[in-house]
Amino acid sequence: MTGADSDALLTDQVRAWLVNLGACALAGTVHVRWNARMRTTAGTAQPRTGRIDLNPRLPAMGTGEVERTLRHEAAHLLAHWRAGRRRIQTHGPEWRQACADLGIPGETVTHTLPLAPRRRQAARFFYQCPGCGVAVRRVRRFKRPTACLHCCRKHNGGQFDFRFQFRNVPPPLPPPGT
């Protein structure tokens with residue numbers, strides 16, 4: 001990655017951390033950049049590409065915040081790399097272990113930095129399980145076939161089962177008098 005938004009010094013720092021943890025292959029893919037479009041979050045990590053984006057307002061909050069956020073985002077990359085093709089929770093046990101390995105044990109999921117609050121988006125998509133009837137509200141459509149975990153565990157040993165694939169349904173009616 002090249003360009004004014006790239007940060008070679010921070011990229012080298014993350015690569016050194018990852019090499020020290022034995023993740024040399026991952027270290028070769030990492031790129032850190034400052035993303036001027038970021039408003040509400042301190043940083044993001046894209047495990048598929050190895051890219052870490054940082055909010056350009058972070059340096060004004062102290063060098064400690066830049067390093068902590070960089071380690072937090074590097075932990076996401078490390079956790080996904082260690083998991084391989086297995087899907088993991090964004091801030092699950094694998095991520096917490098990666099945080100500890102990167103020197104930030106007990107890292108919190110969210111920050112308390114003075115950044116703009118996130119906008120709440122209304123759910124526009126509604127789904128229902130044909131087995132148990134549980135309703136799911138979503139801001140975005142499901143990207144891939146998704147089934148009710150409860151029903152799949154109960155009737156198919158936890159494996160995906162098309163019988164319990166969520167179906168798109170019309171939005172619920174508002175309560176009377178509103």
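Here the structure is a predicted model, which is why all the values come from computation and not from measurement.
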Looking at every heavy atom in both [X] and [Y], which two are closest together, and how far apart are they?
X	Y	answer
Val19	Cys24	CG1-SG, 4.2 Å
Val14	Ala74	CG1-CB, 4.0 Å
Ala98	Arg82	CA-NH1, 3.9 Å
Gln89	Pro93	OE1-CD, 4.0 Å
Phe125	Arg140	CD1-C, 3.6 Å
Arg15	Gly28	NH2-O, 3.8 Å

Tell me whether [Y] is reachable from [X] by hopping between hydrophobic residues (I, L, V, M, F, W, Y) whose side-chain heavy atoms are closer than 4.5 Å.
X	Y	value
Leu54	Leu102	yes
Leu70	Trp81	yes
Leu149	Val136	no
Leu26	Leu10	yes
Trp17	Val66	yes

Enter the distance from [X]:[atom1] to [Y]:[atom2] here, rounded to the nearest 0.5 Å.
X	Y	atom1	atom2	answer
Gln165	Cys151	CD	SG	13.0 Å
Ile52	Thr44	CD1	OG1	8.5 Å
Met38	Arg57	CE	CZ	12.0 Å
Ile88	Trp95	CD1	CH2	11.0 Å

- Item | Cationic N near anionic O, under 4.0 Å, Asp161 to Lys154 | no
- Query: Do NZ/NE/NH1/NH2 and the carboxylate oxygens of Arg71 and Glu107 come within less than 4.0 Å?
  - Reply: no
- Message: Walk me through whether His80 and Leu78 qualify under side-chain contact (heavy atoms from CB on, under 4.5 Å).
- Response: CA-CA 6 Å; His80 281 275; Leu78 183 60; over 6 Å; no
- Message: More than 12 heavy atoms of other residues, nucleotides or ligands under 6.0 Å from CZ of Arg124: yes or no?
- Response: no
- Query: Taking everything shown except Arg153 itself, do over 12 heavy atoms lie less than 6.0 Å from its CZ?
  - Reply: no
- Item | Residue from Asp53, Asp5, Asp7, Asn55 passing side chain to side chain donor-acceptor pair (under 3.5 Å) with Trp34 | Asp7
- Mind running side-chain contact (heavy atoms from CB on, under 4.5 Å) on Gln46 and Arg51 for me, showing each step along the way? CA-CA 5 Å; Gln46 285 84 32; Arg51 188 174 85 197; 3.4 Å; yes
Do [X] and [Y] have side chains that approach each other closer than 4.5 Å (heavy atoms only, starting at C-beta)?
X	Y	answer
Cys99	Pro105	no
Tyr127	Arg141	yes
Pro145	Phe160	yes
Pro130	Phe162	no
Leu18	Val30	yes
Pro172	Arg137	yes

- Task: Please confirm whether Phe164 and Phe166 have ring centers closer than 6.0 angstrom.
- Result: no
- Between His72 and His91, does the ring centroid distance fall short of 6.0 Å? yes
